[in-house]
Undergrad: 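Shown below is the structure under consideration.
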Amino acid sequence: MSEQLPIIIVGAGPGGLATALALAHKNIPVLLLEKNQMPTEVGAGIQISPNATSSLKQWGVWPYIAEQAVIPGKIKIRSGVSGALLSELSARDISARYGAPYMVVHRADMQQALYHRASQLALIEMQDECDVQDIKDTADGIEVTCTLASGEQRSFKGSALIAADGVWSRIGTTYFGNKPAAYSGKTAWRTTLPLQMVPDTIDSRNIGLWLSPNAHLVHYPIVGGHMMNIVAIVNEDWTEEGWNGKGDADWLNNRFARWPREIRELLAERQDWLKWALCGQDPEQAWVKGKVALTGDAAHAMLPFMAQGAVMAIEDAAILARAIDEVQGPMETRLKAYEKARKNRVRKVVAKARRNGEIYHMQGAIATARNMTMRLLPTSQLMRQFDWIYSWKPEDVSFDA
């Protein structure tokens, strides 16, 4: 690795910013390129579990997010047919069990916190409104050509390139030749609601997960507990790219017309719904090509039914920085070590998220059996099912020869 050249990161979303911070904390210089103005602020609320919050604390992000993040009391799972409580977990017990907070936060607040922390570090240089046009793998590194907002072409040199350009990664499809993201047949509808507008029948202090045939709904407090994030996921044949498709509130209310009264009242409070098509990347595809690596959604975008999409990007960042810093040999070897260290775990999380989506949307007798199982399963046993995910720590990962 050339000590003079930075690692170039393409994409300043949570994954790209987390990677920049992880590298800087290993004293590795970074050049972060973003095609939009920074910081970009799109998306809904996100859940951040202990396997990521420990890294955020280590990188110095926590002071910037603590006031906006919410550590909820409980995660309550209910039937979207009858409204009955099926099971619940204590989020505070999760935080205590795994030694780091389980929190919910608006994606924009997370983005701002990561951006502000990155702005403080001299090892991180950021260039926005810089659209990558060409990538060349050279003898001593990587050369990236961008189009700036002025229309000017500009080239940057780095020792490696990390593509954190999201689920519709252009680098993944054009440079790697990977298949584009595959649509799942489901869409996610989102809105936020001031807490004073939330009906009294809705538990606004905790995470609520409601399960029903062919649909489910999640709500939880964000923005320091002043707003509620609402996400409804339905089976729908709609495949546009992007995070901000306009949703028809009448269509959505009709779709949930048979749900419990408290959910119908909650959905009726808002007309300004946005939606996006849920899709995923096959984690079996290549993540590394020469001195270029994919990370986060660009490598393994997953369905949101384990609340681990952003978390896996943060884990990637921690392991990628360790591989570049600790593994001996050329950059290609270091990046391959990152891919090898991450792929098995990510494969398991992707599969678990897909399976959860099937469980959430069960119907008929199988849904009845699911509900009964959830009611009878002891909380301690339910909690243990998350050990393999939430107990993960970057320092426990080894790089095989």
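Sequential numbering from 1 along the given sequence is applied to the chain's residues. Being a predicted model, the structure only gives us computed values, none of them experimental.
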Undergrad: Look up atom CG in L33 and atom CZ in F156, then write down how far apart they are to the nearest 0.5 Å.
TA: 5.5 Å
Undergrad: Would you tell me whether S391 and D387 have side-chain atoms, one donor and one acceptor, within less than 3.5 Å of each other?
TA: no
Undergrad: Below 4.5 Å, heavy atoms only, C-beta onward: do R190 and K275 meet side chain to side chain?
TA: no
Undergrad: Supply the atom-to-atom distance T295 OG1 to E339 CD, rounded to the nearest 0.5 angstrom.
TA: 11.0 Å
Undergrad: Quick check: does any side chain N or O of R370 sit under 3.5 Å from a backbone N or O of Y360, one acting as donor and the other as acceptor?
TA: yes
Undergrad: Please state whether the rings of W287 and Y338 are parallel, tilted or perpendicular, taking 30° and 60° as the class boundaries.
TA: tilted
Undergrad: Does the side chain of I28 come within less than 4.5 Å of L123's, by heavy atoms?
TA: no
Undergrad: Could you check V104 against I46 for side chain to side chain contact (heavy atoms under 4.5 Å, CB included), going step by step and ending with a plain yes or no?
TA: CA-CA 6 Å; V104 289; I46 52 177; over 6 Å; no
Undergrad: Backbone N or O of C279 within a donor-acceptor pair of the Y183 side chain at under 3.5 Å?
TA: no
Undergrad: Does T333 reach the main-chain N or O of G329 with its side chain, forming a donor-acceptor pair under 3.5 Å?
TA: no
Undergrad: Judged by modelled atom types alone, do Q153 and T145 share a side-chain donor-acceptor pair under 3.5 Å?
TA: no
Undergrad: Compute whether any side-chain donor of one residue and acceptor of the other, for R107 and N229, lie under 3.5 angstrom apart.
TA: no
Undergrad: Do we see a donor-acceptor contact under 3.5 Å between the side chains of N206 and D203?
TA: yes
Undergrad: Is it true that atom CG of L148 has more than 12 heavy atoms of other residues, nucleotides or ligands lying nearer than 6.0 Å?
TA: yes
Undergrad: CG/L17 to CG/L114 distance, rounded to the nearest 0.5 angstrom?
TA: 5.5 Å
Undergrad: Is K186 salt-bridged to E236, going by a charged N under 4.0 Å from an acidic O?
TA: no
Undergrad: Given side chains that start at C-beta, do those of D128 and N36 come closer than 4.5 Å, heavy atoms only?
TA: no
Undergrad: Distance-only, no hydrogens or angles: does the R170 side chain make a donor-acceptor pair with backbone N or O of V132 under 3.5 Å?
TA: yes
Undergrad: Parallel, tilted or perpendicular: which describes the rings of H219 and W210, with under 30° parallel and over 60° perpendicular?
TA: tilted
Undergrad: Can you find a pair of side-chain heavy atoms, one from W392 and one from D396, that are under 4.5 Å apart?
TA: no
Undergrad: Okay, side chain of D134, backbone of V144: is any donor-acceptor separation there less than 3.5 Å?
TA: no
Undergrad: Could you check whether the rings of F305 and H216 sit parallel, tilted or perpendicular, using 30° and 60° as the cut-offs?
TA: perpendicular
Undergrad: So H116 and Y64, would you call those rings parallel, tilted or perpendicular, with 30° and 60° as cut-offs?
TA: tilted
Undergrad: Does any N or O in the side chain of Q285 come within less than 3.5 Å of the main-chain N or O of K179, such that one atom is a donor and the other an acceptor?
TA: yes
Undergrad: Just wondering, do I207 and K76 contact through their side chains at under 4.5 Å, heavy atoms?
TA: no
Undergrad: Tell me whether E265 is salt-bridged to R261, with the criterion being a basic N under 4.0 Å from an acidic carboxylate O.
TA: yes
Undergrad: Under the 3.5 angstrom rule, does the side chain of R78 hit a backbone N or O of L209 as a donor-acceptor pair?
TA: no
Undergrad: For Y220, check ring pair (Phe, Tyr, Trp, His ring centres under 6.0 Å) against everything at least two apart and list the hits.
TA: none
Undergrad: How far apart are the C-alpha atoms of R270 and N253, what are their side-chain angles, what is the distance that settles it, and do they pass the side-chain hydrogen bond (donor to acceptor under 3.5 Å, both in side chains) test?
TA: CA-CA 10 Å; R270 272 295 194 218; N253 279 279; over 6 Å; no
Undergrad: Could you grab the distance from atom CG of D282 to atom CE of M302, nearest 0.5 Å is fine?
TA: 12.0 Å
Undergrad: Distance only, no hydrogens: is a donor on one side chain within 3.5 Å (strictly under) of an acceptor on the other, for T191 and W189?
TA: no
Undergrad: Taking K289 for the side chain and Y175 for the main chain, is one N or O donor matched with an acceptor at less than 3.5 Å?
TA: yes
Undergrad: Between Q363 (side chain) and S212 (backbone), is there a donor-acceptor pair under 3.5 Å?
TA: no
Undergrad: Would you please say whether a donor-acceptor pair under 3.5 Å links the side chains of E262 and T201?
TA: no
Undergrad: If you measure only the distance, is there a donor-acceptor pair under 3.5 Å linking the side chains of R384 and Q381?
TA: no
Undergrad: Would you say the side chain of L21 lies within less than 4.5 Å of the side chain of V61, judging by non-hydrogen atoms?
TA: yes
Undergrad: Looking only at side-chain N and O atoms, does E315 offer a donor or acceptor that is under 3.5 Å from a partner on N51?
TA: yes
Undergrad: Is it the case that over 12 heavy atoms from other parts of the model lie below 6.0 angstrom from the CG atom of D272?
TA: yes
Undergrad: To the nearest 0.5 Å, what is the distance between CZ on R255 and CG on D250?
TA: 15.5 Å
Undergrad: Working to the nearest 0.5 Å, report the span between CD of Q308 and CG of N356.
TA: 10.5 Å
Undergrad: I'd like to check D316 versus T19 (side-chain heavy atoms, cut-off strictly below 4.5 Å). Are they in contact?
TA: no
Undergrad: Are the charged groups of E129 and K35 less than 4.0 angstrom apart, N to O?
TA: no
Undergrad: Mind checking whether V105 and I48 have side chains closer than 4.5 Å, heavy atoms only?
TA: yes
Undergrad: Under the 3.5 angstrom rule, does the side chain of R342 hit a backbone N or O of I319 as a donor-acceptor pair?
TA: no
